[in-house]
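No hydrogens, no waters, no symmetry mates; every other heavy atom, side chains included, goes into these values. Order of listing sets the numbers, starting from 1, for every ligand and every atom in it.
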Amino acid sequence: MRKISSISSLLFLLAFTLFFASNSFAQDAKAGEKIYKANCTACHAWDKKLTGPALQGVTDRVQAGAYGDVDGWLKAWIKDNAKVRASGDAYGNQVYNANAQGAMTAFGFLSDAQLADLVAFLYVGPSKPAVDPNAAAAVATEVVEDSDSDLWMILIVIGIATLIIVIFSGVNRSMKNAANKKEGLPLEDGKSFWEATGNWIQSHKKLSSIIGFFLVLVLAKIGWDALLGIGVYQDYQPKQPIAFPHDLHAGKNEIDCKYCHSSARTSKTSGIPSANVCMNCHKAVTEGSRSGKTEIQKLYDYIGWNPDSMKYMTADGKMRNDTVIEWVKVHNLPDFVYFNHSQHVEVGKVACQKCHGEVEKMQEVKQFSELTMGWCVNCHRETEVNFAGNDYYIKIHEDAKKEFKHKKDFKFTVDKIGGLECAKCHY
Ligand code: HEC
Ligand code: HEC
Ligand code: HEC
Ligand code: HEC
Ligand code: HEC
Ligand code: HEC
């Protein structure tokens, strides 16, 4: 018995180690991809040049120089590329000059583990090709972590563990019973599953604590991954009750965003215009260049407008002016996050497009940004507070200039007015 159980604990250890080694390698690149999307895609694409070079093949072209190996160079570069360049690194300066000295941001806040994940990602690249934002046929894609494979792994592990427990307790019992028979003692009955498990754990304390320990680890990891993946829905583009085209309204007809989303100026939310706002124009405009009368007719059906009699009256002759068009919400921050439009649009003078992309070119809006914490925080680190015409900040700015005047290129970014404080964004 002793021998069997020590062999089985060895096997267990081996299986768990293998499982973890392979799993954590795959997860590294996946975790890295998330960090990449949250921090790097503003300037980098995988296969084309944006502000920064395409990152495809970067692990092949980097020359490590004094940093020993490619990984070491990449980590140092991402952490603080200016430092790498200042150290006289030949490759770093070469890329810098090749990109018209457009400086990359420093990512000193990434931990060593996150850097390792990022580098693992740079070796393998994105898990699926990016969706072209202008493709009219772009389907709704949800970038959600897929932890199914992990769940399966757990189930299998639990299954195997149970099987072994049951088999061993069975073997144990029949061996005992064989001995009892010989000595004429009463035979033991088959025990309930839980009893058997309990007994087994009692008699295999070491092995069961090892199993317990690994199960806790696996569960913790899955929980953590699930947490990080919650609510990341970049490119989300749900089907709307009326195919409302932003490109024709805000683009071709140059209607100001705030004409329809007027509350962006004054309140936390931007709001969606009510059907009455649509009717300011659509009493007269009964036809669109793309869908003819069909989509605008849906608007009339909602609000009960009869374009022939020019009255709010449905086909059955009833007055109806109370129906709400049930637009499907595209953007959805979790409830524990506080985001305020007017703070950004009015006070901060941030353009809608910075966060929502070129909505005026989209036939149907989709979620352009990640809306992750990394996304918010990064922008707060990079964006300078807009002082022009902002009396509120003039005094703060004067004070700051005094305090930091020894720093030559001091930048008064949002993080310096508390834009990184947890409580500013979390209730
Ligand atoms: C603000 C824009 C910007 C951001 C954000 C940015 N980069 Fe860069 N990156 C650049 C530019 C520009 C270069 C070219 C070198 C230079 O001019 O500094 C570059 C160069 C690089 C290089 C070397 C490329 C080569 O061809 O050898 C790597 C690797 C890199 N970036 C990785 C990253 C990673 C990873 C992130 C996210 C953590 C990131 N960058 C975020 C702008 C950016
Ligand atoms: C003529 C009115 C109108 C104009 C002008 C307009 N929008 Fe919209 N917008 C809507 C309507 C209606 C919806 C809801 C339907 C949808 O999501 O397509 C919407 C939805 C949105 C959404 C998604 C909201 C969500 O559910 O999360 C964003 C973002 C947005 N608009 C941004 C803009 C920006 C930026 C501009 C200016 C470039 C603009 N809109 C101009 C009417 C308008
Ligand atoms: C700093 C980034 C940022 C800017 C600038 C910005 N938005 Fe938003 N917008 C967001 C975020 C984040 C959400 C999701 C809010 C939520 O779910 O609570 C959102 C949601 C929306 C919605 C959905 C309804 C709502 O209020 O939740 C509309 C419509 C919208 N924005 C329109 C606009 C328009 C129009 C402008 C420019 C006048 C604009 N936004 C500027 C980040 C921004
Ligand atoms: C300021 C005027 C104005 C407002 C407000 C307005 N529209 Fe329009 N809308 C137009 C014009 C002009 C067209 C024709 C655009 C074209 O085809 O070039 C149009 C076209 C359309 C179309 C047909 C587009 C196609 O597929 O051909 C739909 C659907 C539509 N609007 C829905 C709405 C809805 C819903 C609202 C309210 C949320 C709204 N509009 C608010 C001016 C407006
Ligand atoms: C495009 C850049 C950008 C993005 C993205 C962004 N912000 Fe901001 N944020 C700003 C700017 C600029 C200000 C400063 C406005 C001002 O002058 O008060 C600001 C200010 C704030 C403030 C007030 C800070 C203070 O100390 O007064 C909060 C809270 C805030 N943002 C939350 C968020 C949240 C939550 C998100 C993500 C959902 C986000 N922001 C995304 C640019 C951004
Ligand atoms: C500028 C705004 C901002 C600041 C500052 C901020 N957060 Fe967040 N945080 C967010 C947003 C937005 C999300 C939602 C991310 C998502 O849905 O993916 C979030 C999510 C989280 C989550 C859930 C886990 C996750 O990643 O989804 C935790 C935990 C959290 N924040 C803790 C903190 C702590 C602790 C601080 C202070 C050190 C902090 N946050 C500061 C905007 C902010």
Side-chain angles (χ1 to χ4, degrees), residues 32 35-36 38-44 50-55 57-59 61-62 73-74 77-78 81-82 85 91-92 94-105 107 110 114-115 118-119 121-122 240 242-245 248-249 252-253 255-256 259-260 272-282 284-285 287-299 302 325 327 333 337-340 343-344 346-351 354-355 363 369 371-373 375-380 382-387 390 392-393 413-421 423-426:
I35 303 169
Y36 165 76
N39 297 290
C40 320
T41 49
C43 300
H44 288 286
L50 300 179
T51 313
L55 290 179
V58 68
T59 49
R61 62 178 180 260
V62 162
W73 188 91
L74 284 170
W77 174 266
I78 296 167
N81 70 86
R85 285 189 273 111
Y91 182 75
Q94 181 196 319
V95 213
Y96 181 62
N97 291 325
N99 284 280
Q101 310 195 336
M104 168 165 150
T105 334
F107 291 91
L110 291 176
Q114 286 174 315
L115 285 171
L118 249 181
V119 170
F121 162 77
L122 290 177
Q240 298 292 354
I242 301 175
F244 173 83
L248 293 182
H249 288 88
K252 187 175 161 200
N253 284 293
I255 305 170
D256 184 12
Y259 179 89
C260 291
I272 303 295
S274 71
N276 295 324
V277 176
C278 312
M279 291 310 286
N280 290 345
C281 299
H282 282 290
V285 183
E287 232 179 297
S289 53
R290 195 177 287 139
S291 67
K293 293 193 172 192
T294 42
E295 293 300 325
I296 295 177
Q297 184 60 45
K298 287 186 193 166
L299 168 64
Y302 266 105
I325 307 173
W327 302 107
L333 280 177
V337 180
Y338 173 82
F339 176 83
N340 187 318
Q343 174 112 47
H344 289 87
E346 278 303 293
V347 187
K349 309 261 184 287
V350 183
K354 258 238 138 108
C355 300
Q363 194 176 328
S369 301
L371 309 196
T372 55
M373 181 161 139
W375 174 72
C376 314
V377 164
N378 254 346
C379 187
H380 287 182
E382 283 165 10
T383 312
E384 289 188 65
V385 179
N386 193 326
F387 292 106
N390 249 337
Y392 177 65
Y393 288 121
T413 43
V414 180
D415 53 341
K416 305 215 167 52
I417 57 166
L420 299 189
E421 285 166 22
K424 286 263 166 77
C425 303
H426 293 295

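Atom-to-atom distance recorded for Ile296:CD1 and Ser291:OG is 6.0 Å, nearest 0.5 angstrom. With values rounded to the nearest 0.5 angstrom, Tyr36 atom OH is found 5.5 Å from Leu55 atom CG. Between Ile325 atom CD1 and Ile242 atom CD1 the span is 4.0 Å, to the nearest 0.5 Å. Rounding to the nearest 0.5 angstrom, the gap separating the SG atom in Cys425 from the CG atom in Leu333 is 9.5 Å. The structure places OG1 of Thr372 at 11.0 Å from CD1 of Ile35, a figure rounded to the nearest 0.5 Å. Remark: Ile255 CD1 to Cys281 SG distance equals 5.5 Å, nearest 0.5 Å.
Summary of contacts: the protein heavy atom closest to atom 27 (O) of ligand 4 is Arg290 N, 2.7 Å. Closest to atom 12 (C) of ligand 4 among all protein heavy atoms lies Asn253 ND2, 3.6 Å. Here the protein heavy atom with the shortest distance to atom 26 (O) of ligand 4 is Ser291 OG, 2.7 Å. Protein heavy atom closest to atom 16 (C) of ligand 4, with residue, atom name and distance, is Ser289 OG, 3.4 Å. For atom 17 (O) of ligand 1, the nearest protein heavy atom (residue, atom name, distance) is Gly102 O, 2.5 Å.
Listed by atom number, the atoms of ligand 5 under 4.0 Å from Cys425 heavy atoms are 32 (C), 35 (C). Close contacts of ligand 4 with Tyr259, meaning ligand atoms under 4.0 Å from a residue heavy atom, involve 5 (C). Close approach of ligand 4 to Pro273 (heavy-atom distance below 4.0 Å) involves ligand atoms 38 (C). Heavy-atom contacts of Tyr338 reach the following atoms of ligand 5: 35 (C) (cutoff under 4.0 Å). Annotation for ligand 4: atoms under 4.0 Å from non-hydrogen atoms of Lys252 are 16 (C), 18 (O). Numbered from 1 in the order shown, with element, the atoms of ligand 1 that lie under 4.0 Å from a heavy atom of Leu74 read 29 (C). Those atoms of ligand 5 that come under 4.0 Å of a heavy atom in Val350, given as number and element, are 1 (C), 12 (C). Numbered from 1 in the order shown, with element, the atoms of ligand 1 that lie under 4.0 Å from a heavy atom of Asn99 read 14 (C), 17 (O). Ligand-side atoms of ligand 4 in range of Val277: 5 (C), range being under 4.0 angstrom from any heavy atom. Near Lys354, meaning under 4.0 Å from any of its heavy atoms, are these atoms of ligand 5: 1 (C). Shown in contact with Val58 at under 4.0 Å from a heavy atom are these atoms of ligand 1, numbered in order with element: 24 (C), 25 (C), 27 (O), 29 (C). Residue-ligand proximity, Gly348 to ligand 5, at heavy-atom distances under 4.0 Å covers atoms 15 (C), 17 (O). Under a 4.0 Å criterion applied to the non-hydrogen atoms of Glu295, ligand 4 contributes the atoms 29 (C). In the vicinity of Val385, heavy-atom distances shorter than 4.0 Å reach the ligand 5 atoms 17 (O).
The shortest non-hydrogen separation linking Phe121 to Gly32 is CB-C, 3.8 Å. Taking each heavy atom of Leu420 and Asp415 in turn, the nearest pair found is CG-CB, 3.4 Å. Of all heavy-atom pairs spanning Leu110 and Gln114, the tightest one is CA-OE1, 3.4 Å. In plain terms, the two heavy atoms of Leu118 and Cys40 that are nearest each other are CD2-SG, 4.4 Å. Contact between Ser369 and Cys355 at its shortest, heavy atoms only, is OG-O, 2.7 Å. Annotation for Asn99 and Gly52: closest pair OD1-C, 4.3 Å, computed over non-hydrogen atoms.
Contacts with ligand 1 closer than 4.0 Å are made by side-chain heavy atoms of Arg61 only, the backbone lying farther away. Both the backbone and the side chain of Lys424 come within contact range of ligand 5, each with a heavy atom under 4.0 Å. With a heavy-atom cut-off of 4.0 Å, Ile35 does not touch ligand 1 at all.
Residues Met373 and His426 form a side-chain contact, since some pair of their non-hydrogen atoms from C-beta on lies under 4.5 Å apart. The closest side-chain heavy-atom distance from Tyr96 to Met104 is not below 4.5 Å. Residues Ser289 and Lys252 have side chains in contact (heavy-atom distance under 4.5 Å, counting atoms from C-beta outward).
Ring orientation note: the planes of Trp327 and Phe244 are nearly perpendicular, at an angle over 60° on the 30°/60° scale.
Comparing Ala423, Cys379, Ser369, Gly419 against atom 2 (C) of ligand 5, the shortest heavy-atom distance belongs to Cys379. The closest heavy-atom contact to atom 41 (C) of ligand 1, among the options Trp73, Tyr36, Tyr96, Phe107, comes from Phe107.
Look at His380 and atom 8 (Fe) of ligand 5: an N/O/S atom of the residue is under 2.8 Å from the metal. Among the atoms of His344, an N, O or S atom falls under 2.8 Å from atom 8 (Fe) of ligand 5.
By the 4.0 Å heavy-atom criterion, Tyr91 is counted among the residues contacting ligand 1. For Leu371, the closest heavy-atom approach to ligand 5 does not fall below 4.0 Å.
With sequence neighbours excluded, no residue satisfies salt bridge (Lys or Arg N to Asp or Glu O under 4.0 Å) with Lys354. In this structure, the salt bridge (Lys or Arg N to Asp or Glu O under 4.0 Å) partners of Lys424, at least two apart in sequence or on a different chain, are Glu421.
With hydrogens and angles ignored, the 3.5 Å screen pairs no side-chain donor or acceptor of His344 with any backbone N or O of Lys349.
For atom 8 (Fe) of ligand 1, the set of protein N/O/S atoms nearer than 2.8 Å consists of His44 NE2, Met104 SD, ordered by chain and number.
Neighbours of atom 8 (Fe) of ligand 4 restricted to protein N, O or S atoms under 2.8 Å: the count is 2.
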### Query
How far apart are the C-alpha atoms of Leu74 and Trp77, what are their side-chain angles, what is the distance that settles it, and do they pass the side-chain contact (heavy atoms from CB on, under 4.5 Å) test?
CA-CA 5 Å; Leu74 284 170; Trp77 174 266; 5.6 Å; no

### Message
As a quick check of understanding, evaluate side-chain contact (heavy atoms from CB on, under 4.5 Å) for Arg85 and Val95, giving each step before the final call.
### Response
CA-CA 10 Å; Arg85 285 189 273 111; Val95 213; over 6 Å; no

